[in-house]
Each structure stands twice: as C-alpha cells, then as structure tokens.
Amino acid sequence: MTRIRHISTALLLMSVGLQVQAQTASPAPSQAAPKGGINALLDSLKTSGDDFLPPDRAFRFDALPDGTDRVRLNWEIADGYYLYRARIRVMTPSTRAQLGAPQMPQGQIKTDEYFGRQEVYHHELVATVPVVRATGGAFELPLQVTYQGCADAGLCYPPITKDVTVNLSAGAASLAGRSPGSSALSGHPGAAVDGVAEQDWFASLIRSGNPLVMLGWFYLAGLVLAFTPCVLPMVPILSGIIAGGGRSVTTTRALALSVTYVLGMALTYTLAGIACAAAGRQVQAVFQQWWVLALFAALFVVLALSMFGLFQTRIANISNRQSAGTFGGVAVMGALSALIVTTCVGPALVGALLVISQTGQMARGGAALFAMSIGMGTPLLVVGASAGRLLPRAGPWMDLVKKLFGVMMLAVAAWMLARIVPERVALSLWAVPALILAWLLWSQTRGHSGATWGLRAAGVIAGLYGVALTAGSALGGTDPLAPIPAFAARAHELPFRSIKSVADLDREIAQAKAQSRGVLVDFSADWCTSCKEMERYTFTDPAVQAALSAAVLLRANVTQNDADDQALLKRFGIFGPPTIAFYGADGQERTQYRVVGYMKAPAFASRTRAALHPPP
C-alpha cells in the first residue's frame, strides 16, 4: 500500500501540472515558507512516516559567476534525495553569449525503478558551465536551468526549471570578430575554439539558433566531410552504378540516379542517427561488426565481377541491373553506404546527436543531420550530373570504363576488409585491384590507335605497385603508402597506455594528478579511418609530440563495443571515435578543448598546448 501511495503521489503532482519557476531573488532559508500553493499541496499529501520535502527544500539551487567566462551551479541536496545527471540542462536565451557543456563530477550509479540505470548525485552537486562572450564588458547573463530528482522513499518530482540571472564581470571577448550584441550563433565555429568545443557550438546552434543559419552551417559541415577518406569511397560506388548502365545512361538519368542514391543515404543517415542518439547507442559500432563488413565487401566483389562480364546467368543479370540503375536498388545502395561506408565522426554530427539524446529535440536535430547528409552527397550529385556527358556512348571504350569502375569496386572491398584483417593481409588485398588495373590498362588498349601510351604507362606503374604490395606483405610490411619495410620511414610513436574500463581511467587520472601531470585520452577503433589519419599524420608531428612530452597518454580502443567500452563512452558522452579528451594537472577534464574527428597537426598542437599548458 505504501508503494501504491507513493506512485499516486507522483501522479497527482503531475496531474496538477506542477512546474517550479525560480525567482531571481529567493527568500532567505531562515524565513518560513508560506503555507500555500506547492507547499500546501505537499503538506496535504503527507502522512505518518512520509515527510516529503517541497522541491526547493529538497534541492536548494543557486548560480554564481566563476570568473569572467564561467558560471558555477550549486545544488544542496537534502539527505534521502538525489538528482539525475542526465536530466540537468542549461540554456540561455541571450544572443551575447554561448554556453559550453556543463562540467560535472562523477556521480553514483543507481538502478532506478522508473528510469533504469542512471548516474545520480547525493548531498551536493557543483557544476561549472563555460561561457563564450560576445562582448568584453560586464553584462547580465540569463540562464534557464532544468533538473529533476527523486526521494529515496519513492517520490519523484517533475522537472524543475529555474530562470536565474548571473552578473558576469568585464573580461576579454571570446567571440573574435563580433560586435557587441551580435548573434553568437551566426559565426564560424572556429571562433569558439578557446571557449566552447566545436561540438558544443553546433549543439547550441541546434538548440537556439536561427533555423536557416543552422541548416546552412550543417550543410557546409557535411560538404567538408565529403572530401574526407571515410566518405570518398562513395564516389566510385555511385560512379560504378552509373557506368553499369552502359550506353543507355543519359545525363538526366545519371542525375536522377545520383539524387536517388543521395536521398537514400541522407534519409538513412538521419533516421539512424536519431534512433541511435535516442537510444544512447554508438552509431558507428552497430554496423562495424566484422561479419557485416565482410558481407558488404563480398557484395562489392560481386558487383565488380559483374562489370568484368564474368556472370552470364539470370541471377547475375538481375544483380547487374540493380547495380546499373534501377531506382530501388540505387536507394538501397545509398542506404547501405550511409550505414557502413560513412564512418566519420565530426563536431557537427556529435552536436546533433548530443541535442537529440539530451533534450529530445528530434525535429531540429534530425533536420540538422539531413542537411549535413545532403552536404556530404553534393559532390556525388556533381558526379551524376557530369557522368552522362563524360562516359563514352559506344564501342570498346565503354567496356573499358565499366571494367575500370569494377576495379574501383574491388578497391572499396579491400578498403572495408582492411578494417578487420591483420595489416599484413591488408597489403595483399590492396595488391588485387592494383594488379587487375595493370592488366586492364595494358591488355585492353592493345591495338587501339590514339594516345594509349599514357594508359599503358599507368598500367606499368599500377603493376609495379601491386608487386611492391605483394612483396611488402611477405616481408612484414603494414603501410600501403610504403609497402617495403626497408624503405618505410619509421616515425617516433607516442607511448600510449591502453585502458579498458572506467576503473582504469580513474586510476590513471589519479596517478597523473598526484604527479601534477596533464592527461590525453584517445578514443580509437580498428575500423575508424580518421583514427588512422590521426596516428599517421598528427601524432607523428614533432610539434604535437613536443606539446605532449610531459603528459600521460591513454588510449581506449572501443572496437569490440563491449560493456566496458560502452561504459567509457557513456562516461564522456561520446558517440564514437575519433574523440580526444584532455585533463589538466588538477585531474579535471578541459571539456572546451575536446577534439572530435580528424584534426591536422598544427591545429592539434595549438589545441594541446592550450589545454595542457594554459598561460598563468
């Protein structure tokens, strides 16, 4: 009966629409609260043994300035009560400032009967919120702080929203190039690097930015992603689909196929992002299992062989027609490409997923993901619009072009399998399309008039490269760009320590704090293309290594995506690698310097120095 009474109490509170609005000046704790409104309602519900406090007494809240560019949020939590970390949100209606992600200490894990496994706080909570200012003068910063908590005895309060104002003193403006009063959400995200991480900038853009400005920035972010190694493999996929149509492909049809492919990719990317963010899942790892990649690579091998003309059965013809241009098949290929080929994680994607997972704003978050997907697909539309004019219309040249696109399909298959096989085996896989390309360029141009010497020379180069890959694999090589180990320049590798669990992380952070050393935590995965870019081009840079010389370097490989990996990702609120976090010598994360996605060496070195060696 007590349990039923507790649930009834919560339902009654919800039914009367209890919404607590804060006043900028709260009565002093020593003043007696009047018996009326919420207090009267709660007092009327009390029975012997159930002495539930009013929400403002259970969770005493205030907000104070913490320097010129930071706000401190304080909660005093009564004994027998707790707050949910996941339900704390901080927003500002002001256009003169942007807010970073709240920095909160680690809470306690509680299996809640209402909400499942949750991180909660007892007794007290102190959180800090970075503020990026559009002006250097003193100003009043309005905040909307929402939180929710429960009593251990069984009562759950509805969400509480406080409207407070914090007076920030004069300080240097941190939004470069902005005049006072200009919108902080209309500028370039790079301007906010020193105060708010790029992903937080994108998240704030979704939460409160102008919708057209939001869509424009996310489209540009997608356009930038389109030229990264994790999206470029989609170009030969679409080109092969168009080339499979042979001489029947017109410019109009090629463009229509491209639009179908891009829309299939964009819709799938958007829906998958919304679903994974709402469920708190890592969007990449779900589709990066070895057997999924192997099946998809096998599909590309079949498509390549069909372009080589090796299938004569009806099943092969049906498969060829699907790859060559039926709109349903092209849409399916676009959908599969979105889930498996595009494994990029960038600030824009993380910003959208953060908003969806933390605030439930699926419409704005989904619109941002869709705009980003269209940006990623824009170069593909250009390929489609031009392919109808550039592809030969008849004769043996068209057959050669189809076979060359078949080679590209094999290269995509090798690229996918390279994520799940040993590096030495990956070298031999790369040798297959190289050697086939050499044979095609040499044999298919024999007997043709015209400037075929260039194609034959390219065939010789491809053949030599294929031989080098094969020999390198036998000799123990692992680098496709320098397959022969004896000629490979070995850059000094950073001494990363592997961590697997949250306990490993806490132990390493505590040891580094005792030694007054900063910490870098690198989240990586075997299938993460951008992670390999960071290892090859960024971590090997002398300036980066100098900036990290005194830091403790930790690496969490989340390839398996097991329970420990998921707990680590959840601890940081990370949706996938590559993500890099910095801790200061005080053991606190510098969230405003967090890196998401690939970053070039000069920018990363500058970010590292600012995070680990701030000026006094």
Kindly say whether [Y] contributes a backbone atom to a donor-acceptor pair with the side chain of [X] at under 3.5 angstrom?
X	Y	value
Glu119	Gly107	yes
Ser428	Val425	yes
Arg72	Val126	no
Thr378	Ile374	yes
Arg594	Phe572	yes
Arg517	Gln511	no
Arg609	Ala547	no
Gln545	Phe539	yes
Asp506	Ala503	no
Ser473	Arg424	yes

Going from [atom1] on [X] to [atom2] on [Y], what distance comes out if it is rounded to the nearest 0.5 angstrom?
X	Y	atom1	atom2	value
Arg70	Gln103	CZ	CD	4.5 Å
Tyr147	Leu83	OH	CG	7.5 Å
Asp564	Asp504	CG	CG	8.0 Å
Phe370	Tyr269	CZ	OH	13.5 Å
Leu215	Leu220	CG	CG	11.0 Å
Glu535	Leu494	CD	CG	10.0 Å

Q) Taking atom NZ of Lys500 as the centre, does the number of heavy atoms from other residues, nucleotides or ligands within less than 6.0 Å exceed 12? A)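 For Lys500, atom NZ is crowded (more than 12 foreign heavy atoms under 6.0 Å).
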Within-4.5 Å side-chain heavy-atom neighbours: [X] and [Y]:
X	Y	result
Val131	Thr92	no
Met599	Arg607	yes
Ile88	Leu73	no
Leu505	Arg571	yes
Leu410	Leu437	no
Ser373	Thr270	yes
Glu140	Ser94	no
Leu568	Val558	no

Can you name the closest pair of heavy atoms from [X] and [Y] and give their distance?
X	Y	answer
Leu427	Gly472	CD1-C, 3.9 Å
Gly365	Ile206	N-CG2, 3.9 Å
Pro105	Leu125	CD-CD1, 3.7 Å
Asn557	Ala525	OD1-CA, 3.9 Å
Ser524	Cys531	OG-CB, 3.5 Å
Ala297	Ala413	O-CB, 3.6 Å

**Q.** Within the 6.0 Å centroid threshold, strictly below: Tyr598 and Tyr537
**A.**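 Distance test on ring centres: not under 6.0 Å, no.
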Q) Can Leu548 and Leu612 be said to form a side chain to side chain contact (heavy atoms under 4.5 Å, CB included), step by step? A) CA-CA 8 Å; Leu548 292 171; Leu612 299 180; 3.9 Å; yes
Q: Apply the test side chain to side chain contact (heavy atoms under 4.5 Å, CB included) to residues Val521 and Ile499: give CA-CA distance (whole Å), side-chain angles for both, the deciding distance (0.1 Å), then the verdict.
A: CA-CA 9 Å; Val521 184; Ile499 59 173; 4.2 Å; yes
Q.
Run the side chain to side chain contact (heavy atoms under 4.5 Å, CB included) test on Leu569 and Thr579 for me, step by step, so that the C-alpha distance in whole Å, both residues' side-chain angles and the decisive distance to 0.1 Å come before the verdict.
A. CA-CA 10 Å; Leu569 294 171; Thr579 300; over 6 Å; no
(Q) Checking side-chain contact (heavy atoms from CB on, under 4.5 Å) between Tyr121 and each of Met104, Gln108, Gln106, which is the one that passes? (A)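 Of the listed options, the one satisfying the test is Met104.
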Q. Cationic tip of Arg590 within the cone over Tyr593's six-membered ring, i.e. under 6.0 Å and within 45° of the normal?
A.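 Checked: cation-pi criterion not met.
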Q) Taking it one step at a time, do Met534 and Asp522 satisfy side chain to side chain contact (heavy atoms under 4.5 Å, CB included)? A) CA-CA 10 Å; Met534 290 292 293; Asp522 175 35; over 6 Å; no
Q. Any idea how Phe604 and Phe582 line up, ring-wise: parallel (<30°), tilted (30 to 60°), or perpendicular (>60°)?
A.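 Rings of Phe604 and Phe582: tilted, as their planes differ by 30° to 60°.
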Q) So, are Arg536 and Asp479 salt-bridged, with charged N and O less than 4.0 Å apart? A)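 Looking at Arg536 and Asp479, the cut-off is met.
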